Amino acid sequence: MKIAVYPGSFDPITLGHLNIIKRAAGIFDRVYVCVMVNADKKPMFTRDERVELIRRCVKRFENVEVDTSDGLLVDYAKSRGACAIIKGLRAVSDFDWEFQMALANKKLEPGIETMFMASSEKYTYLSSTVVKELGKYGADLSEFVPVEIMDDIKDKLKSSSV
Ligand code: PNS
């Protein structure tokens, strides 16, 4: 059984993330989408909220599970028996940091490969940050996030000062 972990902050999940999940689910027997802590980011949604939002969006994928961890990515991947960590790459600007993380994770856990998946061209510009910025100004988010979570984003933006 080939198992992969797709980690991220997912604050919130976007259509770009969902596209990577769908493609990974077509390659691996099981994919764990894991909401993790990025020490450089101050998230708008709590980790539990992000897990719940993603669960709503991936219901149709039978081999996808949503989880969370506040530990090291490689420890989580190992605990799930994963052979691969999936990372989406949108542009060259993503590469430097992702490459460093991939090498650090490989050093910690040589048995787990990081696999980079090129973002679909229609989502190369898309990020959770872009979604929050547009949402703040009341833009229509239907091209950017799954319809299942659109109202949650609007409500959260209304109730917070992000
Ligand atoms: O969506 P993001 O914010 O780019 O995801 C980054 C994330 C959460 C995958 C990364 O920060 C991470 O792996 N955090 C878990 C802690 C960890 O293992 N850090 C070591 C990375 S070298």
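Atoms within a ligand are numbered from 1 in the order they appear, just like the ligands themselves. Fair warning: this is a prediction, and the values are worked out from it, not measured in the lab.
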4.0 Å protein heavy-atom contact status of atom 7 (C) of ligand 1, strictly under: no

Within-cut-off N or O pair, Leu73 and ligand 1, under 3.5 Å: yes

Side chains of His17 and Ile54 in contact at under 4.5 Å (non-hydrogen atoms): no

Options Lys107, Met36, Met101, ranked by nearest heavy atom to atom 10 (C) of ligand 1, top entry: Met101

Check: Phe10 and Val51 side chains under 4.5 Å, non-hydrogen atoms: no

Atom 19 (N) of ligand 1 - nearest protein heavy atom and its distance: Leu72 CD2, 4.0 Å

Which of the ligand 1 atoms, numbered from 1, are nearer than 4.0 Å to a heavy atom of Ser9: 1 (O), 2 (P), 3 (O), 5 (O)

Any N or O of Asn105 closer than 3.5 Å to N or O of ligand 1: no

Donor-acceptor contact below 3.5 Å, side chain Ser119 vs main chain Gly88: no

Proximity to ligand 1 by part of Lys41, non-hydrogen separation under 4.0 Å: side chain

Contact partition for Val37 relative to ligand 1, non-hydrogen atoms under 4.0 Å: backbone

Asn38 N/O to ligand 1 N/O under 3.5 Å: yes

Arg30 side chain vs Met1 backbone, donor-acceptor pair below 3.5 Å: no

Subset of ligand 1 atoms that lie under 4.0 Å from at least one heavy atom of Gly8: 1 (O), 5 (O)

Stepwise salt bridge (charged side-chain N to carboxylate O under 4.0 Å, His left out) check, Glu49 with Lys156: CA-CA 11 Å; Glu49 283 170 337; Lys156 182 63 96 172; 3.1 Å; yes

Gly71 heavy atom under 4.0 Å from ligand 1: yes

From Leu157 atom CG to Glu133 atom CD, the distance as rounded to the nearest 0.5 Å: 10.0 Å

Side-chain heavy atoms of Thr114 within contact of Met101, under 4.5 Å: no

Residues Lys87 and Asp94 bridged, charged N to O under 4.0 Å: no

